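Here the structure is a predicted model, which means the values were calculated and not measured.
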Amino acid sequence: MGDRSYFQNSPAVPLNVYIQGEGFPILCLHGHPGSGSSLSVFTHHLSKRFKTFAPDLRGYGKSRFNDNFDMSDHLNDLESLIDSFQMQKCLILGWSLGGILAMELALRLPERVTGLILVATAARPRGNHPPITWEDNLYTGIASVLNLIKPGWQWNIETFGKRSLFRYLIQQHTATTYNYIARDAVSAYLQTSATATRALYTAIKAGYNRLADLEQIQCPALVLAGSQDYHITPDSSIETARHLKNCQWQCYANTAHLFPWEIPDQVLSDIDSWLEGHPETVNRFS
């Protein structure tokens with residue numbers, strides 16, 4: 001996914017998409033593993049004023065696709081989706097992998113993308129995740145099952161959650177965060193296909209790096225990062241912010257990759273403030 005020759009033309013596939021609200025279109029793109037419904041922390045809030053579109057990417061959620069594909073196929077699918085809903089202009093919010101795709105769409109469709117909200121992502125993504133042990137996997141499995149049965153159960157959080165892989169995804173082990181995990185994370189994980197995982201890892205191994213191209217993006221951008229993100233480091237997010245011409249960024253203390261589920265009120269308030277300061281991003285006629 002790193003050099004332009006990686007992007008091949010291939011037929012788009014129709015995507016399952018969750019649509020809420022009315023008004024200016026905001027395209028919301030999930031990460032890996034994920035689904036359109038796992039963006040509810042954003043869509044439930046933004047759809048009060050805008051029309052949100054949260055697709056399941058190819059090979060995720062209900063957009064079933066079992067054949068091998070390239071990461072570039074996501075862009076073809078998304079451009080087709082934008083066309084099918086006749087979005088002449090749209091704002092794009094992307095979380096993790098979704099943020100990478102958001103930047104790619106801004107490069108591909110500069111006249112149609114009015115702004116970017118980039119969450120826990122980077123144009124040259126780097127991680128520092130420690131090695132995973134069998135105990136990590138065991139405790140994660142137990143914590144996940146118990147959290148589905150009784151979301152936000154403090155005993156489960158203390159006994160298994162804080163000893164599981166959740167400790168690298170979040171820093172604030174609250175009932176609120178674990179309720180989001182129960183509602184929006186586990187089903188998305190289970191519905192992520194092997195081919196989607198393979199496409200992502202192939203792109204990562206190819207050394208994805210679009211920093212040099214970010215100067216082409218003219219629209220305003222907001223970059224949000226968690227200070228303890230092990231999956232995409234805050235340094236790589238800030239590096240991306242510094243390469244974007246018209247960018248504001250924020251790094252949240254004591255949070256990790258899933259920080260929108262740790263501090264949802266703060267994140268949504270900051271997004272609202274940025275939108276108020278950049279009304280052109282949600283104006284059809286700007």
Side-chain angles (χ1 to χ4, degrees), residues 1 6-21 25-44 46-47 50-87 90-109 112-113 116-121 125 144 148 180-204 208 231-232 257-258 260-261:
M1 204 169 164
Y6 191 90
F7 292 90
Q8 307 295 326
N9 290 321
S10 63
V13 300
L15 302 176
N16 179 63
V17 58
Y18 300 90
I19 303 172
Q20 291 177 261
I26 298 182
L27 180 62
C28 300
L29 305 178
H30 66 77
H32 174 94
S35 69
S37 61
S38 62
L39 292 166
S40 65
V41 65
F42 299 109
T43 58
H44 287 172
L46 292 170
S47 64
F50 308 106
K51 189 167 188 175
T52 60
F53 297 81
D56 294 337
L57 298 172
R58 182 187 299 212
Y60 296 85
K62 296 179 181 178
S63 297
R64 306 314 302 162
F65 194 87
N66 294 319
D67 295 335
N68 288 327
F69 63 91
D70 293 332
M71 292 298 293
S72 57
D73 293 326
H74 290 312
L75 301 178
N76 298 330
D77 297 342
L78 292 169
E79 184 173 0
S80 176
L81 183 146
I82 290 170
D83 288 339
S84 68
F85 286 101
Q86 299 179 329
M87 298 183 216
C90 67
L91 173 73
I92 306 180
L93 180 152
W95 189 351
S96 193
L97 166 62
I100 292 172
L101 297 175
M103 287 183 276
E104 291 290 349
L105 284 170
L107 289 166
R108 181 185 279 208
L109 305 170
R112 300 174 75 173
V113 178
L116 296 172
I117 299 173
L118 305 173
V119 179
T121 193
S144 298
L148 278 176
Y180 275 115
I181 290 172
R183 187 180 69 191
D184 292 333
V186 176
S187 62
Y189 173 82
L190 294 174
Q191 292 182 83
T192 296
S193 68
T195 53
T197 300
R198 190 176 305 122
L200 175 61
Y201 288 166
T202 299
I204 292 172
Y208 179 80
H231 292 74
I232 295 180
H257 196 64
L258 302 184
W261 292 347

Enquirer: Is there a side-chain contact between Phe85 and Pro25 in this structure, where contact means two heavy atoms from C-beta onward sitting under 4.5 Å apart?
Expert: no
Enquirer: Report yes if some heavy atom in the side chain of Met71 is under 4.5 Å from a heavy atom in the side chain of Leu200; otherwise report no.
Expert: yes
Enquirer: Got a donor-acceptor contact below 3.5 angstrom from the Ser193 side chain to the Gly59 backbone?
Expert: yes
Enquirer: Would you call Phe50 and Leu91 a side-chain contact if the rule is heavy atoms closer than 4.5 Å?
Expert: no
Enquirer: Do Leu57 and Leu101 touch side chain to side chain, with heavy atoms closer than 4.5 Å?
Expert: yes
Enquirer: Answer yes or no: does atom OH of Tyr201 have more than 12 heavy-atom neighbours from other residues, nucleotides or ligands under 6.0 Å?
Expert: no
Enquirer: Taking only distance into account, with no hydrogens and no angle test, what donor-acceptor pairs under 3.5 Å do side-chain atoms of residues 183-191 form with protein atoms, sequence neighbours excluded?
Expert:
| residue | atom | partner | partner atom | Å |
| --- | --- | --- | --- | --- |
| Arg183 | NH2 | Ser40 | OG | 3.2 |
| Asp184 | OD2 | Ser40 | OG | 2.6 |
| Gln191 | NE2 | Ser187 | O | 3.4 |

Enquirer: Is it the case that the side chains of Thr192 and His32 hold a donor-acceptor pair, with the cut-off being a distance below 3.5 Å and no angle test?
Expert: no
Enquirer: Under a 4.5 Å cut-off applied to non-hydrogen side-chain atoms, are Leu105 and Leu27 in contact?
Expert: yes
Enquirer: Do Trp261 and Val41 make a side-chain contact, defined as non-hydrogen atoms from C-beta onward lying under 4.5 Å apart?
Expert: yes
Enquirer: To the closest 0.5 Å, what do you measure between OG1 (Thr52) and CZ (Phe42)?
Expert: 12.0 Å
Enquirer: Excluding sequence neighbours, so at least two apart, what forms salt bridge (Lys or Arg N to Asp or Glu O under 4.0 Å) with Asp56?
Expert: none
Enquirer: Would a 4.5 Å heavy-atom cut-off, applied to side chains only, mark Thr43 and Tyr18 as touching?
Expert: no
Enquirer: Quick one: CG on Leu258 to CH2 on Trp95, what's the gap to the nearest 0.5 Å?
Expert: 5.5 Å
Enquirer: Mind checking whether Tyr60 and Leu97 have side chains closer than 4.5 Å, heavy atoms only?
Expert: yes
Enquirer: Using the side chain to side chain contact (heavy atoms under 4.5 Å, CB included) rule, pick out the option among Asn76, Leu15, Val13 that qualifies with Leu81.
Expert: Leu15
